[in-house]
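Have a look at the structure below before the remarks.
Here the structure is a predicted model, which is why all the values come from computation and not from measurement. Atoms within each ligand, like the ligands themselves, are counted from 1 in listed order.
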Amino acid sequence: MSLHLYSHPLASFCHKVLIALYENDTPFQAHLVDLADPAGKADFLELWPVGKMPVLRDEARGRTVPETSIIVEYLQQHHPGPRALLPADADARLDVRLWDRFFDLYVQAPMQRIVLEELRGAHEKDPRGVADAHAALATAYAMIERQAQREWICGDDFTLADCAAAPALFYAAIIAPLPDAHPRLRAYYERLMDRASVRRTLAEARPYFPYFPFRERIPARFLQD
Ligand SMILES: N[C@@H](CCC(=O)N[C@@H](CS)C(=O)NCC(=O)O)C(=O)O
């Protein structure tokens with residue numbers, strides 16, 4: 001097995017790459033990274049000192065590939081499957097990259113901020129930071145509502161941007177429900193959640209949901225098949 005993915009089944013950025021792998025039935029060996037375990041953390045930092053998951057290791061090519069967007073592009077370049085997650089057309093590719101960055105920076109980042117704040121002790125809380133993160137999510141939701149005109153975020157094809165959108169919106173919607181006033185956002189979210197690669201990724205995350213600080217808000221439909 002050439003491809004090894006170092007990740008955790010609960011981690012939203014890991015979901016982004018798992019969805020890309022499952023979209024193309026790309027064979028890989030999964031390695032669970034437990035950052036709470038000092039030995040596991042030390043091993044992972046050897047691989048990528050930044051300490052952010054996931055990281056892909058391609059033994060055949062001798063390459064260690066961090067950063068989700070780069071991993072998905074690397075897979076397309078060196079281990080392509082039937083579904084191109086980045087379009088060949090240069091302008092269309094720019095749109096996909098833009099919306100990939102959008103979901104990472106303006107949905108995942110504020111969502112993670114709120115989750116991390118929830119895990120902090122009472123004396124470390126930053127209510128202003130949480131309020132800012134909620135405001136950022138509200139802005140992002142309104143922008144997705146405007147963009148979600150077609151089946152997928154950049155048109156008729158499922159792309160890297162949708163791989164980024166699925167975990168970002170899955171967790172964000174638990175923390176900050178998608179407003180009724182944004183029907184296109186809500187319909188897009190439903191299409192994402194119904195995608196086979198996303199369902200598989202969420203099913204694999206299910207045993208770890210008890211570790212998510214907002215676990216009691218996870219909709220019941222995600223807790224069973
Ligand atoms: N920009 C990175 C972000 C990755 C990231 O934030 N991963 C989280 C898990 S969802 C992580 O490793 N967190 C561990 C930590 O910050 O200690 C990417 O796209 O790969």
Checklist line | Main-chain N/O of P213 paired to E118 side chain as donor or acceptor, under 3.5 Å | finding: no

Numbered in order shown, the ligand 1 atoms found under 4.0 Å of a heavy atom of S12 are 10 (S)

among protein heavy atoms, the one nearest atom 20 (O) of ligand 1 is T68 N, 3.0 Å

among protein heavy atoms, the one nearest atom 9 (C) of ligand 1 is A11 CB, 3.8 Å

Hey, is the main chain of A109 close enough, under 3.5 Å, to the side chain of Q112 for a donor-acceptor pair? no

Closest heavy-atom approach to atom 6 (O) of ligand 1 among F13, F44, W48, Y171 is made by F13

- Modelled atom types, side-chain donor and acceptor of D58 and H79, under 3.5 Å: yes

Nearest non-hydrogen contact to atom 18 (C) of ligand 1 from the set R101, E67, K52, K16 belongs to E67

- Message: What I want to check is whether the side chains of S197 and E23 have a donor and an acceptor closer together than 3.5 Å.
- Response: yes

ask   = So, Y141 versus R186: side-chain donor-acceptor pair below 3.5 Å or not?
value = no

the protein heavy atom lying closest to atom 17 (O) of ligand 1 turns out to be L35 CD1, 3.9 Å

Looking at K41, H15, M53, the heavy atom closest to atom 4 (C) of ligand 1 belongs to M53

- Query: Does a side chain donor of either Y188 or D162 reach within less than 3.5 Å of an acceptor in the other side chain?
  - Reply: yes

Taking only non-hydrogen atoms of G51 and a 4.0 Å limit, the atoms of ligand 1 in range are 12 (O)

